[in-house]
Amino acid sequence: MAEYKKTLNLPDTAFPMRGDLARREPMMLEDWRKKDFYGQVRRARLGRPKFILHDGPPYANGDIHIGHAVNKVLKDIIVKSKSLEGFDAPYVPGWDCHGLPIELMVEKKHGKNIPPRQFRALCREFAKEQIARQRKDFVRLGVLGDWEHPYLTMDFSFEANIIRTLGAVLQNGYLYQGQKPVHWCISCLSALAEAEVEYEERVSPAIDVLFHAVDAKALATAFNLQLPLSDVHAVIWTTTPWTLPANEAISVNSEFVYDLIQTSHGVLLLAHELSGECLARYGLEGHLLAQARGKDLEFLLFEHPFSDRIVPIILGDHVTLEAGTGLVHTAPAHGLDDYVVGSRYHLPVDNPVEADGHFRQDEPLVGGVDVFEANNVIIERLKTMGRLLCQTQYKHSYPHCWRHKTPIIFRATSQWFIGMESGNLGTLRDIARKAVKATAFYPSWGRARLEGMIANRPDWCISRQRNWGVPIAFFLHNETGVLHPRTSELIEDVAKLVEKEGIDAWFELDPVELLKNDAEHYHKVVDTLDVWFDSGVTHACVLKTRPELAHPANMYLEGSDQHRGWFQSSLLTGCATDGYAPYQSLLTHGFVVDGQGHKMSKSRGNVIAPQKIMDNLGADILRLWVASTDYAGEMNISDEILKHVVEAYRRIRNTLRFLLANIADFDATAELPVEELLEIDRYALWLTAELQKEVRQCYDRYDFHQIVQLLQAFCSEDLGGFYLDILKDRLYTSRIDAPARRAAQQTLFHIVHTLVRLLAPILSFTAEEVWAQLEGSADETIFSKYWYVLPPDPDPAFITRWKKLRQLREDVQKELERLRAAALIGSSLGAEVELYVNGHEGDFLRDMGDELRFILLTSSAVCFSSGPAALKTRIEGVCVVVKPTLYRKCERCWHHRATVGRDLSCPELCDRCITNLFGEGEIRRYA
RNA sequence: GCUCGAUUAGCUCAAAGGUAGAGCAUUCGGUUGAUAACCGAAAGACAGAGGAUCGUUACCUCUAUCGAGUACCA
């Protein structure tokens with residue numbers, strides 16, 4: 001009995017069922033590296049149209065987390081799909097190397113008080129180590145790129161080009177030095193850019209403070225009162241008592257109505273709209289004495305509550321009725337609004353707070369005290385002076401340093417800014433707005449987000465008071481502070497030096513070297529650049545300098561946080577140097593959260609490390625998860641989700657294995673023309689072509705999770721549940737060289753070649769593994785190939801017919817299941833099918849004759865023109881009856897046939913098997 | 001605070017103004033010639049309330065939950 005199994009053409013392949021990815025992927029990577037797969041693709045695409053996805057540099061600190069993995073995998077999927085599409089899509093990864101976080105790490109490791117030069121050397125060393133670690137993990141993900149030649153923002157040439165680009169920004173009139181309040185971190189001891197600020201809830205002391213009116217007469221006039229009042233106080237409300245020492249004015253809104261209200265605490269000046277609320281807060285009764293418009297109060301004078309200073313009322317639109325008293329304490333050194341309104345009135349911008357957040361020693365009352373400590377000191381003083389009307393706790397969101405997580409302050413210092421409202425090419429804001437309009441966004445809401453940010457953002461403070469950064473390499477006049485007249489030449493001189501020796505060249509430079517006799521009148525700027533400037537000019541330092549790349553890039557792709565970060569810094573520097581954005585499209589992805597949608601955090605214990613996924617399940621599983629998740633929103637990951645991904649992977653892998661195993665003996669050199677294929681083969685190819693069409697469209701739209709769905713459905717429904725299921729009989733039982741079998745193999749060959757390409761950008765390891773099987777060697781990467789070209793589609797009527805056949809198959813399967821439940825049959829081959837065909841809808845069924853049984857996977861399927869009442873099928877006029885077979889089972893093909901036993905020399909076989917074994921072999925047309 | 005967005009089976013995702021689909025997971029069954037595989041079947045969902053509509057999960061409003069963005073929050 002069992003010997004007939006040996007006469008079958010059973011599948012055979014070295015392609016293992018289980019991927020064993022975690023163990024084998026690293027070996028494959030090593031092989032790819034040796035064979036220079038990246039270089040192969042470059043050579044294969046030489047001269048093709050370019051698609052440049054420009055890599056945003058991750059910060060060179062810490063091991064990569066799942067967010068990095070998502071980012072790099074998405075980039076890799078795009079680069080690879082573009083490559084298969086025929087583009088030359090080089091991928092040059094990069095790293096962001098300067099900046100405070102690395103300084104902090106080095107300080108932690110080596111202590112403070114290291115000489116600057118040595119300190120910078122240590123920073124460079126540290127960054128190098130971090131890059132090596134991160135690179136290893138990125139490579140492990142299967143990301144194809146020029147990992148041997150990444151760009152580093154600390155490369156000497158890069159540093160030099162940063163300085164040159166800064167020069168271009170200056171040249172175009174977008175750079176200025178100014179004394180104005182900026183976000184200041186007292187832990188960093190440095191100014192911060194918008195991108196380095198994050199808002200967190202904080203409880204601050206909120207106080208209502210009295211400012212005594214100085215000139216009762218003027219006040220009376222303003223309020224149109226006959227008699228001057230005594231004991232009048234303007235009431236301001238603030239949540240930052242420590243800014244009171246720098247108070248220079250009280251702002252009111254010119255349009256609001258202000259009340260004078262008699263209370264037991266004297267006469268209070270409050271905005272009418274807020275007065276009731278305020279009195280309630282103070283627990284006071286009052287009656288209205290007079291009213292005036294804000295604009296009538298301008299220049300009225302009041303006493304500072306504890307300093308020896310008289311301050312005016314000024315008008316400002318920033319005064320609102322949302323909170324407080326409608327009178328706003330104004331300290332130009334500690335708030336941007338205050339600064340703006342203050343400069344209109346030429347108020348001084350005296351900042352009494354030092355870099356470390358302590359008041360200057362000579363400041364009365366709070367000299368040497370930390371600002372947040374000073375709150376209490378000031379409140380006590382106000383109390384003793386009777387100027388504190390009310391004190392509460394106020395919970396609000398407050399800016400914090402994104403590195404230190406500590407509250408930051410506004411502090412006026414001399415800094416360098418990129419101005420939004422100036423410039424030789426037009427205002428930067430306008431140019432940037434136009435650039436955003438010209439950019440494509442995936443998903444589309446990115447546009448509104450970036451637009452909004454550009455419309456509202458303040459000037460960009462690009463100077464930092466740090467060591468590990470690219471210098472703002474300017475010479476300023478000692479007395480006037482004006483830039484050296486030959487600045488643009490000098491910048492080039494400096495850049496040349498930096499190109500040779502790195503940024504140290506500037507810090508160690510003796511001005512005489514470049515300025516000669518001028519040197520005694522000029523000094524070097526020692527501020528460094530915001531690291532966001534570094535990464536923001538990669539378009540100038542990378543895209544424009546590497547011959548294989550191009551400018552502008554086709555795409556920048558980063559997490560959605562980079563609207564505020566890299567997308568914006570690149571946009572602004574691009575606009576300030578070239579007048580347009582360095583990218584044509586932006587793609588953003590969301591953050592990774594756990595199964596419940598919670599943020600990942602060590603304290604919650606829900607962190608999933610990419611390294612762990614790769615070590616346990618393999619990079620292809622991680623890649624498949626990335627691809628199958630909609631990146632537009634948050635991306636959920638958990639062990640359960642990964643388990644499902646593994647299942648999905650198995651399905652795809654096994655399908656590939658089955659395809660490979662059945663074409664093991666197929667000679668592909670002479671392609672069989674479509675006409676020699678059977679009908680079902682052509683239908684299967686049509687399904688494959690449809691799949692390819694849809695998948696390519698999805699790649700084109702960057703809609704990857706759809707692709708995974710499509711591939712999975714194809715493997716399960718079209719192949720596993722239909723075509724392959726039916727095909728087994730033909731592949732196994734035909735003569736090994738039968739035309740019908742070769743037709744099947746030719747079809748499988750087409751399918752596997754299509755499929756392996758379609759999934760290669762996602763399941764790169766698996767695809768290369770399949771590719772090596774197909775090619776017989778692993779010397780060439782699949783990514784040097786193009787999408788597979790399939791034979792032309794059959795006509796629509798043909799397709800319709802086969803769709804109906806599939807429905808019929810489903811209907812019959814339901815009926816089979818009924819017999820099975822009644823224990824009348826086991827396998828479907830234990831059943832016979834009778835079809836009753838009325839009308840013409842089912843004519844084609846008659847034509848198929850005996851081959852119908854192969855489609856239905858039953859031992860026989862016969863058409864009759866009329867017969868007993870039977871179950872309707874979804875084909876008009878076609879009914880079906882399924883019954884158990886009465887015949888013996890052929891031991892070879894398992895069909896139950898009347899012919900089994902007729903040939904006495906082979907009593908266990910049917911006629912079909914006999915001819916397939918010893919005769920001409922059967923002929924098939926349909927299935 | 002303000003502005004957006006989301007909410008479809010256990011999970012990941014679809015679709016459509018008129019019987020809501022798929023894959024995986026689950027249960028049951030078949031098969032033992034893809035076998036740590038394969039095939040079939042079953043069961044399973046429109047967050048809640050109100051409204052417009054002949055009718056909707058789909059449009060509108062509100063509520064809930066989640067998320068994101070943003071702020072000159074004095």
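Side-chain atoms are counted along with the backbone in the values below, which use heavy atoms only and exclude waters and symmetry mates. Below, chains carry the letters A, B, ... as their sequence lines are ordered, and counting in each starts from 1.
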Sugar-phosphate only, base, or nothing, as touched by A:Gln813 at under 4.0 Å among non-hydrogen atoms: sugar-phosphate
A:Tyr649 side-chain N/O to B:C24 phosphate OP1/OP2 under 4.0 Å: no
Touch class at under 4.0 angstrom, heavy-atom based, for A:Glu817 against every strand present: base
Atom-pair distance (CD on A:Gln562; C1' on B:G69), nearest Å: 15 Å
Residue A:Ala713, side-chain heavy atoms: nucleotide from B:A34, B:A22, B:C24 that is nearest: B:A22
A:Phe567 vs A:Thr588 side-chain heavy atoms within contact, under 4.5 Å: yes
Sugar-phosphate, base or nothing in reach of A:Arg18, heavy atoms under 4.0 Å: base
Test: A:Glu451 and A:Arg433 ion pair at under 4.0 Å: no
Between A:Thr885 and A:Glu832: side-chain donor-acceptor atoms closer than 3.5 Å: yes
Atom-pair distance (CG on A:Asn375; P on B:A74), nearest Å: 12 Å
Rounded interatomic separation in angstrom, taking OH from A:Tyr732 and C1' from B:U32: 12 Å
Among B:G67, B:C38, B:A74, the one nearest A:Lys728 by side-chain distance: B:C38
Close approaches to RNA chain B from residues 241-248 of chain A, in residue order (heavy atom, under 4.0 Å): none
Sugar-phosphate only, base, or nothing, as touched by A:Gly721 at under 4.0 Å among non-hydrogen atoms: sugar-phosphate
Sugar-phosphate only, base, or nothing, as touched by A:Lys814 at under 4.0 Å among non-hydrogen atoms: sugar-phosphate
Sugar-phosphate, base or nothing in reach of A:His329, heavy atoms under 4.0 Å: sugar-phosphate
Nearest-Å distance once atom P is located in both B:C59 and B:A6: 9 Å
Spacing between A:His644 atom NE2 and B:C13 atom C1', to the nearest angstrom: 13 Å
Aromatic ring pairing A:Tyr442/A:Tyr702, orientation class (parallel under 30°, perpendicular over 60°, tilted between): perpendicular
Nearest listed nucleotide, side chain of A:Lys889, among B:U32, B:C11, B:A34: B:U32
Touch class at under 4.0 angstrom, heavy-atom based, for A:Asp725 against every strand present: sugar-phosphate
Spacing of A:Leu857 atom CG relative to B:A41 atom C1', expressed in whole Å: 16 Å
Out of B:G30, B:G33, B:G21, whichever nucleotide has its closest atom nearest the side chain of A:Arg820: B:G30
Nearest-neighbour nucleotide for the A:Thr240 side chain, B:G21, B:C24, B:A74 considered: B:A74
Touch class at under 4.0 angstrom, heavy-atom based, for A:Trp894 against every strand present: base
A:Arg650 side chain, from C-beta outward: closest of B:C13, B:A37, B:C11: B:A37
From B:G33, B:A74, B:G10, nucleotide with atom closest to A:Lys5 side chain: B:G33
Sugar-phosphate only, base, or nothing, as touched by A:Ile641 at under 4.0 Å among non-hydrogen atoms: sugar-phosphate
salt_bridge(A:Asp208, A:Arg387) N-O dist < 4.0 Å: no
Touch class at under 4.0 angstrom, heavy-atom based, for A:Ser251 against every strand present: nothing
A:Arg853 with A:Asp729: basic N within carboxylate O range, under 4.0 Å: no
